[in-house]
Amino acid sequence: MKKVVDYSSLRGFNYTQPDSWNDYVFWSNYHHDVIERDMGYAERLHLNSARIFLPFRCYKENPQQFLANVKDFIRTAWAHGVSTNPIVYFGCSFIENEVRSFEPDETGLRPLSQTILDPTCWVVGEKYFDDLYAAIGQEEGLLFWDISNEPGYTNNFVTWYDEEPSYNQDFREKPNLEVLRERQEKTWEFIRHFCKYVKSVDPDHDIGIGNIFIWETEASRTAELVDVIVFHDYSATRARLRGVLEDAIALGKKYGKPVVDNEMACLARANPYDMAIELHDEYKVGWYLFELMIGSDCWSKAHGVCYPDGTIRDPAIVSSILGFHRNRTATALRADVNQENYVNRATLLAKRTLIKVRQSNFHDRSGDCEEVLEVCEFIANMLEAGELVPMAYPPTAKIEAYRRNPEKNLDELTDYLMELMEILKHACHIVREETSVENLRI
């Protein structure tokens, strides 16, 4: 029976097991308990679909175990209300001992793989899908097939297609377009072949292609072959993102097919999670974050929502996932953390504490460091509550690091207290300090 999918309702995520630095390691060291935990986080976030990368190398080395692991993932995710969007052809080398080069050749462009150039070996990929379909094709949690992840051939992520926005090209010199177009077409021949093959084996599930850009859709001549138009987008501004979403929606209407963005949100590309989520929701385009977990891979400094222990990178991401977005309009109010004179109380408490810890003669000073840190936390909480400091390394995190240090340095701590106090006074425009303790409950 044909599986019907409401793509506009997808609130998904890309997933790699967080103790693995790539997907080959993930599937080679698969841990059911880790998947159970992480899908629990996804359920709590009301996320409903996972996109997973299936390295062909893992299948080739141990097909039985690999397919069993993939099935376990799909079932575990589905138990938490999370469907699965598997990437079928990821890192495919169908020729035994093929050596791939990613360095530019004499044309200045990277060479194509022998797997793409030799259609006689594609039967290996067909056999692989046959086995994959036999293992998971009837799983209730299987959503749709992503034929390949970002297969398009580019000049360092520039396609030079006519539809490509100029902002994507203006930092590159134009390459040998004849060679580029030839290699792009060879790549798309490979992709078109497997679109047709996967659909012939499984007519009940939709197929899509995880294109790098929406403007590859027509140039690749795949729009007619897929059931859902899939693209990735990491636009750096709202205007650019709106343009991409409008192009995607227009293509969907032209071909009578749904659209979905199954990779988005990157801190390193000026594409914050809250912006990306807010605009996709506005345009009613389903999405997959890159990615759910903050783990051991090279992307974790720029991507990810949850740490393995359940803590999070940024509450704004969680808020946006749940449909609550920051007010950036003229109605937004700036916080006043001195509304009840607590800034005055904090500065007075800080001065008292600094005087006390300097008077060290003939007194037990064992509690001085903790006393200073207590005042540091008082001030840090006001700074963080009022969003008056950068939160990449929150003051409270630094305070906890000081507390964990068995060799605390009182001079260093008092210096930090002074630093926090000055930041707070400056942020709150304190030009006159209270000299009386009257009515100041410290």
Side-chain angles (χ1 to χ4, degrees), residues 23-24 53-57 59-60 86-130 132 145-165 168-169 172-201 207-233 251 255 257 262-263:
D23 291 283
Y24 171 78
F53 296 69
L54 305 183
F56 178 74
R57 180 182 166 194
Y59 164 80
K60 187 164 61 174
I87 303 164
V88 182
Y89 296 103
F90 175 63
C92 292
S93 292
F94 300 153
I95 296 174
E96 197 66 34
N97 300 320
E98 177 178 359
V99 178
R100 295 194 61 183
S101 173
F102 296 94
E103 295 301 317
D105 60 18
E106 66 278 0
T107 69
L109 297 165
R110 61 181 171 83
L112 291 173
S113 70
Q114 283 302 116
T115 291
I116 287 177
L117 291 171
D118 182 6
T120 64
C121 74
W122 296 355
V123 65
V124 176
E126 294 172 359
K127 171 64 165 58
Y128 160 56
F129 182 72
D130 291 345
L132 185 62
W145 301 106
D146 191 333
I147 297 298
S148 184
N149 177 65
E150 301 192 344
Y153 183 91
T154 69
N155 173 31
N156 196 14
F157 289 96
V158 181
T159 68
W160 299 104
Y161 290 132
D162 292 341
E163 299 84 357
E164 186 170 40
N168 211 51
Q169 301 175 349
R172 300 287 296 173
E173 290 186 10
K174 191 169 288 189
N176 184 323
L177 286 184
E178 184 179 352
V179 174
L180 180 71
R181 292 288 181 253
E182 179 185 357
R183 294 181 182 179
Q184 285 175 328
E185 178 55 22
K186 288 287 186 185
T187 301
W188 292 125
E189 284 176 10
F190 175 87
I191 295 301
R192 288 194 295 265
H193 171 83
F194 282 104
C195 283
K196 295 171 185 175
Y197 186 79
V198 169
K199 199 64 186 173
S200 71
V201 174
I207 65 168
I209 303 163
N211 287 317
I212 312 171
F213 306 112
I214 189 61
W215 53 83
E216 292 179 300
T217 305
E218 291 194 293
S220 64
R221 292 187 286 123
T222 58
E224 300 88 346
L225 301 177
V226 298
D227 302 293
V228 53
I229 294 173
V230 182
F231 65 99
H232 297 168
D233 187 77
L251 275 176
Y255 290 94
K257 295 177 180 180
N262 69 0
E263 266 196 38

side-chain contact (heavy atoms from CB on, under 4.5 Å), that's the test. Do W160 and K174 meet it? Break it down for me. CA-CA 8 Å; W160 299 104; K174 191 169 288 189; 3.8 Å; yes

Worked check of ring-ring contact (aromatic ring centres under 6.0 Å, His included) between Y128 and F94: CA-CA 10 Å; Y128 160 56; F94 300 153; 7.6 Å; no

Please evaluate residues Y59 and L132 with respect to the criterion side-chain contact (heavy atoms from CB on, under 4.5 Å), reporting the C-alpha separation (whole Å), side-chain torsions for both, the decisive distance (0.1 Å), and the verdict. CA-CA 9 Å; Y59 164 80; L132 185 62; over 6 Å; no

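Using a distance-only test at 3.5 Å, with no hydrogens or angles considered, no donor-acceptor pair links the side chain of N149 to the main chain of G91. Between the side chain of R192 and the backbone N or O of S220, at least one donor-acceptor pair lies under 3.5 Å. Remark: side-chain polar atoms of K257 are paired, donor with acceptor, to backbone N or O of V226 under 3.5 angstrom.
The closest side-chain donor-acceptor pair between T115 and E98 falls under 3.5 angstrom. H232 and N211 are not linked by any side-chain donor-acceptor pair at a separation below 3.5 angstrom, with hydrogens and angles left out of the test. Between the side chains of Q184 and R181, at least one donor N or O sits under 3.5 Å from an acceptor N or O.
Using a 4.5 Å heavy-atom threshold, the side chains of H193 and P119 count as separate. Taking 4.5 Å as the limit, some side-chain heavy atom of F56 sits within range of a side-chain heavy atom of V124. The shortest distance between side-chain heavy atoms of E126 and F194 falls below 4.5 Å. A 4.5 Å side-chain heavy-atom check between Y153 and L112 finds at least one atom pair inside the cut-off. Counting heavy atoms from C-beta outward, E216 and W188 have side chains that approach closer than 4.5 Å. Between F231 and L251 the shortest side-chain heavy-atom distance does not fall below 4.5 Å.
Note: W122 and F190 meet the aromatic proximity criterion, with ring centroids under 6.0 Å apart.
Contact record, C195 with I209: SG-CD1, 3.6 Å, taken as the closest heavy-atom pair. Across P151 and I191, no two heavy atoms sit closer than the pair CB-CD1, 3.6 Å. Heavy-atom minimum distance, G208 versus V230: CA-CG2, 3.9 Å. Heavy-atom minimum distance, L180 versus P175: CD2-CG, 4.2 Å.
In terms of the salt bridge (Lys or Arg N to Asp or Glu O under 4.0 Å) criterion, residue partners of K199 (sequence neighbours excluded) are, by chain and number, D227.
Ring geometry for F129 versus Y197: interplanar angle over 60°, hence perpendicular rather than tilted (30 to 60°).
Counted within 6.0 Å of CD on E173, heavy atoms from surrounding residues, nucleotides or ligands total 12 or fewer; the atom is thus considered open.
Each of T154, N155, T107, L117 was evaluated against R183; a single residue qualifies, T107, per the side-chain contact (heavy atoms from CB on, under 4.5 Å) test.
The distance from the CD1 atom of I207 to the OG atom of S148 is 12.0 Å, given to the nearest 0.5 Å.
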